[in-house]
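A note on names: the letters A, B, ... follow the listed sequences, proteins ahead of strands, and every chain is numbered from 1. Heavy-atom basis, side chains included; hydrogens, waters and symmetry copies ignored.
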Amino acid sequence: MPELPEVETTRERIRPALVGRRIESVCTTAASYFFVTPPARLRRRLVGRTALDLTRSGKYLVATLDDASRLVLHLGMTGQLFAEGAASVRLLSAAARASLRPDEPRTFAPDVHTHLRIAFDDGGPAVLFRDVRKFGKVLLLAPGEKTPRLDRLGIDALHATGADLFAAARRRRVPIKTLLLDQSVIAGVGNIYADEALFLAGLRPTRSVQRVTHRECDDLASALQQVLRRSIETGGSSISDFVAPDGRDGRYQDERHVYAREGEPCRRCRSRIRRIVVGQRSAHYCPRCQT
DNA sequence: ACCGCACCCTGAGCGC
DNA sequence: TGCGCTCAGGGTGCGG
C-alpha cells in the first residue's frame with residue numbers, strides 16, 4: 001500500500017517522464033468514483049497542457065500545469081503510476097502472470113485496470129496509472145480551485161515533531177495508532193509505517209493518546225523520521241502491489257520489524273510478533289518490546 | 001468536536 | 001480444470 005515513502009519514490013521517478021512534456025492525448029476507462037473529475041472533462045482539459053512541477057502532499061501527488069490548473073493523484077491501495085515500457089510482474093494481471101513463461105519478457109501491456117494513459121507530443125514513453133481496486137483518485141483542479149482533500153491534511157509526516165504529536169494527543173481520546181493514521185493530524189503515515197514507528201518507539205499501538213508522555217511523543221516523532229527516511233532511501237516497500245515508476249521493487253520490506261510478521265520472532269527479543277485490530281485496521285507489535 | 005463504522009473494489013486464500 | 005465465501009485496506013461521509 002503506497003504511503004509517504006512509496007508516494008515520494010513515485011514522485012521522484014515519474015517526474016522526468018511527466019514534467020516539461022506537452023500532453024498530446026489522454027485515454028481513460030469509463031466514469032467511476034476513481035475519477036473525481038469526470039473522465040471526459042479530464043481528457044478535454046489535459047490535452048495541450050504541460051506539467052511544470054510535481055509535488056507531494058501527504059499521500060497525494062500534485063502536478064501543477066502550465067495554465068495553473070492542478071492534476072491531483074492518489075494511489076489508494078493498489079495504485080501504480082509508471083512510465084510505459086516499465087517491466088515488472090507486479091504490473092501484470094493475475095491471468096497474465098499465471099500464463100507467463102520464465103523466459104518471457106514482463107513488459108506491461110495496458111489492461112482493464114489501466115485507468116489513465118497520458119501520451120506526449122515528443123513521441124517518448126506515455127505515463128500510465130493502473131489501479132486494480134480503484135481506491136485511487138484522479139482530480140483536476142481549475143486555477144485557484146481548492147479541495148478539502150488537500151486542505152484538510154495535517155503536518156507532513158517528514159516534518160512532524162514530538163510537540164506536534166503531543167498537542168494533537170491532548171485533544172483526542174483514541175489509541176496512539178489511530179492518531180498516527182489520521183491524515184488530518186499527520187499526513188502520509190499508513191499502516192506499515194505506523195506499526196514500524198510504534199515498534200521503534202517502544203509503544204503499543206493500543207496505548208491511549210492520553211497516556212503518552214511528551215518524551216514518548218518525541219521518541220515517536222524521531223522513529224517516524226527514521227522509518228520514513230530510510231524507506232525513501234530504499235525505494236519504499238514492495239509488499240503486494242507497489243512498484244516504482246521504472247518497474248523496480250522497493251527494498252524496505254526487508255527491514256520491517258513488525259508489519260505483516262505475525263507469528264515470526266521479534267528481531268530484538270525473539271518474542272512472537274502479534275497481530276490485533278485497532279480502529280478497524282490490523283496492527284502488528286512485539287508484546288515484549290512495546291508497552 | 002469527536003468517534004465508530006459502512007462503503008467503494010478485486011484478488012488472494014481458505015474450506016469443501 | 002472449481003466454487004463460494006471472507007478478508008484486506010485509504011479515505012470519505014454518515015449517524016450517534
Side-chain angles (χ1 to χ4, degrees), chain A residues 1-8 10 29-39 56-62 72-81 88-100 111-116 129-139 146-154 156-157 167-196 205-210 236-243 253 256 258-263 275-284:
Chain A
M1 47 241 67
E3 305 179 24
L4 188 152
E6 290 75 30
V7 178
E8 182 60 22
T10 299
T29 49
S32 70
Y33 64 88
F34 177 83
F35 293 106
V36 178
T37 299
R56 181 187 59 74
S57 290
K59 301 178 196 173
Y60 288 90
L61 287 173
V62 182
V72 180
L73 307 175
H74 193 288
L75 300 177
M77 288 286 303
T78 53
Q80 299 165 318
L81 189 68
S88 166
V89 285
R90 295 185 200 276
L91 296 174
L92 302 179
S93 66
R97 213 180 286 199
S99 64
L100 190 73
D111 61 1
V112 291
H113 303 304
T114 308
H115 303 294
L116 184 64
F129 188 179
R130 182 173 184 264
D131 184 2
V132 170
R133 291 193 186 167
K134 288 206 282 191
F135 278 16
K137 292 281 176 286
V138 178
L139 58 152
K146 304 181 80 169
T147 173
R149 292 169 194 274
L150 296 177
D151 293 344
R152 275 190 210 136
L153 293 176
D156 194 87
R170 298 280 68 74
R171 305 190 291 265
R172 310 287 298 270
R173 313 194 153 267
V174 291
I176 183 67
K177 172 152 181 189
T178 300
L179 189 80
L180 288 182
L181 292 178
D182 187 333
Q183 302 299 299
S184 70
V185 175
I186 311 152
V189 180
N191 223 17
I192 301 173
Y193 302 103
D195 282 0
E196 295 300 317
T206 48
R207 176 97 73 92
S208 165
V209 292
Q210 297 289 315
S237 301
S238 288
I239 293 176
S240 52
D241 301 279
F242 177 70
V243 64
Q253 65 277 10
R256 275 173 301 154
V258 289
Y259 183 78
R261 292 195 68 237
E262 184 185 12
R275 177 184 173 278
I276 55 173
V277 173
V278 178
Q280 294 83 240
R281 290 274 128 81
S282 63
H284 313 77

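Ion pairing between a basic and an acidic side chain is recognised when a charged N comes within 4.0 Å of a carboxylate O; A:Arg256 and A:Asp195 show no such pairing.
Side-chain contact of A:Gln183 with A:Tyr60: a donor-acceptor pair under 3.5 Å is absent, judged by distance alone.
Residues A:Leu4 and A:Asp156 are in side-chain contact: their nearest non-hydrogen atoms beyond the backbone lie under 4.5 Å apart. Side-chain contact between A:Asp131 and A:Phe34: present, with at least one pair of heavy atoms (C-beta onward) separated by less than 4.5 Å.
Within 4.0 Å (heavy atoms only), A:Ser282 reaches sugar-phosphate atoms of the nucleic acid but no base atom.
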Nucleotides 10-16 of chain C: protein proximity per nucleotide (B base, S sugar-phosphate only, - neither; heavy atom, under 4.0 Å): BBS----
Any protein N or O atoms within reach of nucleotides 1-5 of chain B? Criterion: under 3.5 Å, listing atom names and distances.
from, atom 1, to, atom 2, distance (Å)
B:dC3, OP1, A:Arg173, N, 2.4
B:dC3, OP2, A:Arg172, NE, 2.3
B:dC3, OP2, A:Arg172, NH2, 2.8
B:dC5, OP2, A:Gln280, OE1, 2.8

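Here the two rings, on A:His284 and A:Tyr259, have centers that are under 6.0 Å apart.
The backbone N or O of A:Thr114 lies less than 3.5 Å from a partner atom in the side chain of A:Asp111, making a donor-acceptor pair. A donor-acceptor pair is defined here as one N or O able to donate and one able to accept, closer than 3.5 Å; such a pair exists between the side chain of A:Lys59 and the backbone of A:Val189. Distance alone, capped at 3.5 Å, is enough to place a donor-acceptor pair between the A:Lys177 side chain and the A:Ser282 backbone.
Taking the screw axis at each terminus of the helix from B:dC2-C:dG16 to B:dC16-C:dG2 from five consecutive base pairs, the angle between the two is 50° to within rounding of 10 degrees.
Here A:His113 reaches the OP1 or OP2 of B:dG11: one of its side-chain N or O atoms lies under 4.0 Å away.
Rounded to an integer number of Å, the gap from NZ of A:Lys134 to C1' of B:dC9 is 8 Å. Atom CD of A:Glu262 and atom C1' of C:dC7 are 14 Å apart (whole Å). Rounded to a whole Å, the CZ atom of A:Phe35 is 19 Å from the P atom of B:dC8.
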